[in-house]
**Q** 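Take this structure, written in structure tokens, and hold onto it; I'll ask about it next.
If you're wondering where the values come from, they're calculated on a predicted model, not measured in any experiment.
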Amino acid sequence: MYFLYLPIKKRIRKEGVTSDKSDRTQTEKEYETMTAKEFLNQAHCLNKLIQSHQRELSELEEMGAVISSSNFSGMPSGSRSTEAPFVRQVMKKIDLENQIRQELENLIDLKKQIHDAIDAVPDMNQRLVLRYRYIEFFPWVKIIAEMQDSFYSERQIYRFHSEGLKNIVVPEGRVKIKVGSACQ
């Protein structure tokens with residue numbers, strides 16, 4: 001008899017199954033047992049999120065430069081706000097700046113943990129590939145170009161990465177970042 005093995009991890013993420021024995025959901029338990037690759041990918045995903053928020057902030061700043069004028073048509077309007085028209089934009093901008101600041105602090109802490117985890121890998125080539133990929137966020141094409149200068153084949157470079165992931169120890173007291181599966 002053959003069984004089709006489907007990782008419970010994938011199913012739990014989609015369904016959000018809860019456990020009867022505790023208040024924690026299965027996804028929270030799964031988060032605690034994160035793989036090395038998931039742990040290392042968090043920084044790249046958080047960096048993308050920060051960049052997205054920074055673009056949103058610059059759009060708000062551009063919109064803030066154009067202040068809407070008052071309506072002098074003489075026609076009555078429905079509801080009248082007592083605050084200036086730009087106050088809500090300023091408040092959104094302040095909230096977004098605070099969020100970006102917090103995410104940057106988390107990114108710095110996370111990259112420190114990733115840096116320490118990669119530095120604990122014994123093989124220098126594995127460390128180098130992992131640093132290129134998860135600290136400097138190089139795409140594979142650039143990693144291969146960098147490493148082929150040392151006369152390594154593409155296959156060897158992927159093997160360094162695979163073996164390096166096996167040597168990563170995910171820290172217990174790590175920074176907790178919620179990252180969606182789209183970023184993985």
Side-chain angles (χ1 to χ4, degrees), residues 1-54 99-184:
M1 180 181 284
Y2 295 100
F3 291 99
L4 178 62
Y5 174 73
L6 295 175
I8 194 164
K9 187 185 257 188
K10 300 282 185 202
R11 194 184 80 225
I12 290 172
R13 275 193 184 141
K14 291 178 183 172
E15 298 171 4
V17 178
T18 57
S19 171
D20 296 335
K21 296 181 181 179
S22 71
D23 293 337
R24 295 185 305 166
T25 64
Q26 284 289 349
T27 52
E28 288 171 344
K29 290 179 183 176
E30 172 189 310
Y31 180 79
E32 292 175 1
T33 58
M34 178 179 285
T35 66
K37 191 170 186 176
E38 291 169 333
F39 166 65
L40 295 172
N41 270 329
Q42 289 182 108
H44 189 243
C45 294
L46 186 55
N47 191 49
K48 283 183 184 178
L49 183 65
I50 291 168
Q51 289 172 351
S52 172
H53 285 151
Q54 287 172 333
Q99 184 178 358
I100 291 170
R101 191 174 302 112
Q102 181 62 47
E103 289 170 347
L104 282 170
E105 289 174 14
N106 287 341
L107 181 62
I108 290 167
D109 293 342
L110 183 60
K111 282 186 94 173
K112 170 75 171 106
Q113 289 180 344
I114 290 171
H115 190 278
D116 292 345
I118 290 173
D119 282 348
V121 172
D123 185 78
M124 183 184 70
N125 291 317
Q126 293 172 7
R127 278 196 316 266
L128 190 58
V129 171
L130 293 173
R131 283 185 56 77
Y132 284 154
R133 186 73 179 157
Y134 300 107
I135 293 178
E136 298 185 43
F137 309 132
F138 282 6
W140 281 111
V141 174
K142 190 169 182 178
I143 295 171
I144 291 165
E146 291 286 327
M147 297 288 290
Q148 281 181 339
D149 290 345
S150 302
F151 305 105
Y152 292 115
S153 70
E154 185 174 336
R155 188 137 174 87
Q156 285 175 304
I157 295 165
Y158 284 125
R159 191 174 61 241
F160 290 148
H161 177 260
S162 178
E163 293 299 315
L165 287 176
K166 291 176 187 174
N167 289 319
I168 290 289
V169 177
V170 179
E172 290 293 322
R174 66 187 176 277
V175 176
K176 300 212 186 280
I177 306 291
K178 288 186 179 180
V179 175
S181 61
C183 213
Q184 303 295 328

**Q** Distance check, rounded to the nearest 0.5 Å: M34 atom CE versus L40 atom CG?
**A** 10.0 Å
**Q** Take L165 and T35, measure what side chain to side chain contact (heavy atoms under 4.5 Å, CB included) needs, and give me the verdict at the end.
**A** CA-CA 9 Å; L165 287 176; T35 66; over 6 Å; no
**Q** For the CG atom of N106 and the CD atom of Q42, what is their distance to the nearest 0.5 Å?
**A** 10.0 Å
**Q** Which heavy atom of V169 sits nearest a heavy atom of A117, and at what distance?
**A**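 Nearest heavy atoms, V169 then A117: O-CB, 4.0 Å.
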**Q** Roughly how far, to the nearest 0.5 Å, is the CD1 atom of I114 from the CZ atom of R131?
**A** 11.5 Å
**Q** Between atom CG of L104 and atom NZ of K111, what is the distance when rounded to the nearest 0.5 Å?
**A** 10.5 Å
**Q** If I compare all heavy atoms of A43 with all of L107, which pair ends up nearest, and what's the gap?
**A** O-CD1, 3.5 Å
**Q** Test Q113 against every option in L110, D116, D109 by the side chain to side chain contact (heavy atoms under 4.5 Å, CB included) rule and name the one that passes.
**A** L110
**Q** Throw together a table of side-chain donor-acceptor distances under 3.5 angstrom for residues 151-160, partners on residues two or more places apart or in other chains.
**A**
{"unit_1": "Y152", "atom_1": "OH", "unit_2": "N125", "atom_2": "OD1", "d": "3.4"}
{"unit_1": "Y152", "atom_1": "OH", "unit_2": "N125", "atom_2": "ND2", "d": "2.9"}
{"unit_1": "S153", "atom_1": "OG", "unit_2": "Q156", "atom_2": "N", "d": "3.1"}
{"unit_1": "S153", "atom_1": "OG", "unit_2": "Q156", "atom_2": "OE1", "d": "3.4"}
{"unit_1": "Q156", "atom_1": "OE1", "unit_2": "S153", "atom_2": "N", "d": "2.8"}

**Q** Please report, to 0.1 Å, the donor-acceptor pairs under 3.5 Å made by any side chain of residues 133-150, with sequence neighbours excluded.
**A**
{"unit_1": "R133", "atom_1": "NH1", "unit_2": "F138", "atom_2": "O", "d": "3.2"}
{"unit_1": "Y134", "atom_1": "OH", "unit_2": "H161", "atom_2": "NE2", "d": "2.7"}

**Q** CD1/I50 to CG/L46 distance, rounded to the nearest 0.5 angstrom?
**A** 4.0 Å
**Q** With sequence neighbours left out, write down each residue that passes side chain to side chain contact (heavy atoms under 4.5 Å, CB included) with N167, or none if nothing qualifies.
**A**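 V121, P122, Q126.
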**Q** With side chain to side chain contact (heavy atoms under 4.5 Å, CB included) as the criterion, how do D123 and E163 come out once you've worked through the C-alpha distance, each side chain's angles and the decisive distance to 0.1 Å?
**A** CA-CA 9 Å; D123 185 78; E163 293 299 315; over 6 Å; no
